Structures are given as structure tokens and as C-alpha cells.
Amino acid sequence: LPLLDELLAHDPEAASARHLAGCARLALGEPATAADHFAAIGDRLPASVTLLPHATALFAAGRRAECRALLDRAVADAAPERSPFEVDARQMRAALLLAEGDDAGLRAELRAILGWFVARPAALAARASEFVAAAALLGERGDFAEVDRLLALAAVTAAGPMLATAADALRRAAAAGGLAAPRTRPPDRAL
């Protein structure tokens, strides 16, 4: 960190050094300072590199509105490009919604994430475990009818065979009432 601070004193616009300084400050428990470093980078580094540490710093600093705005912008920027980064940003936004206890927002975000995967069979096949985790969380939130519909759509894609076991397990858990139990636990606000 002292070397990065020295470098930034000579060149405050050094984006990579500022990014690394933000990561170091975050690791040292200085999220507000880290967030300021990430904000100073602006659009000079790809969001795929900066979004997670920046959102983490804002969240840890208690700057939830700024975190939400950052994630909203990332989703909006990635969506027209049909980029895989869109689902990454959506997953981060879902985590924020879960931590904030926004159940309606979380369900909407999970439906969007699952729909994104179903519309992209290659990504679904590569990231099947993420699809299953999102489906389970949506089922826990009481929207298993939508989960079942999306599982049926996913079953006819190339990823269908690799999802079959997990889909059957989710359906059995829903039938036995096993998905509703986790919903009664309040979310961990520090998550």
C-alpha cells in the first residue's frame, strides 16, 4: 500500500494503481476509502474488473443507495450488449436485495437471472450450478410455480440433461415443503 500511495502521489490518474489501492484498502478494513478509489477510476477499467470490489466497498461502508445505483447502472449497461457480465451484475444486485430484505425485488431479480440463463443455453450449460442456486432461492421465496416453468424450459436446452438431477431434487423438496422453511429465516444483513 505505501508503494501504491507513492505511485498515486506521482500519478493520481493511474487507473490500475488506483484499483489495486482500492483492493488493498478494502482488505485492510477501510471500505469508505476503497470506495473512493474505485469511484475515481470511473470507466477507465472494465466494469467486469471493478464492479465486485466497488460494490463490496460501498456495501461495507454502509453506502447502500450508492451500491444499488452502481449495480443498476452495471445491469443497464450490460443488458443491451447481451453480455455474460449482465448476469454477474444481476447476481450482485440479488445479493444486495437479499441483504436488504427486499423480497419482491429479490424475486423479480431471480426471475430475470433464471430467464437470462434459459435464453442462453451455452451459458446455462457452463454455469448450471448458478442456475440451480438461483432457482432454489426463488423457490424458497415462495415462487416455485415460476421455478417449475423455468426448469421445464431449461430441460429442453442442451443443458437439460445436466440439470435433470438438480431439477428433480428441487421438485421433490418443493413437494415436501422443504423449500419454504428457509424463507422463514431472516436474511443475514451483513451477508
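Predicted model only: the values in this text are computed from it and were never measured.
- Across all their heavy atoms, Gly105 and Leu97 have their closest contact at O-CD1, 3.4 Å.
- Contact record, Leu26 with Pro53: CD2-O, 3.8 Å, taken as the closest heavy-atom pair.
- Geometrically, Arg18 does not engage Phe38 in a cation-pi contact, judged by NZ or CZ lying under 6.0 Å from the ring centre and within 45° of the ring axis.
- Of all heavy-atom pairs between Leu8 and Ala14, the closest is CD2-O, 3.9 Å.
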ask   = Passes side chain to side chain contact (heavy atoms under 4.5 Å, CB included), Leu151 versus Phe131? Steps please.
value = CA-CA 9 Å; Leu151 287 172; Phe131 177 84; 3.8 Å; yes
request  = Verify side chain to side chain contact (heavy atoms under 4.5 Å, CB included) between Thr33 and Leu28, making sure each step is shown before the conclusion.
outcome  = CA-CA 10 Å; Thr33 305; Leu28 292 171; over 6 Å; no
request  = In sequence, state the C-alpha distance, the side-chain angles, and the governing distance for Val118 and Arg149, and then conclude on side chain to side chain contact (heavy atoms under 4.5 Å, CB included).
outcome  = CA-CA 11 Å; Val118 168; Arg149 184 185 78 77; over 6 Å; no
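- By the 4.0 Å N-to-carboxylate-O rule, Glu109 lies close enough to Arg93 to be salt-bridged with it.
- Ion pairing of Arg73 with Asp43 is absent here, as no side-chain N (NZ or NE/NH1/NH2) approaches a carboxylate O to less than 4.0 Å.
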task = Decide side chain to side chain contact (heavy atoms under 4.5 Å, CB included) for Arg25 and Asp5; before the verdict, give the C-alpha distance in whole Å, the side-chain angles of both, and the deciding distance to 0.1 Å.
result = CA-CA 11 Å; Arg25 294 285 181 193; Asp5 287 342; 3.0 Å; yes
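- For the pairing with Leu110, the side chain to side chain contact (heavy atoms under 4.5 Å, CB included) check across Leu138, Asp143, Val147 returns one residue only, Leu138.
- Closest approach of Leu153 to Thr157, counting heavy atoms only: O-CG2, 3.6 Å.
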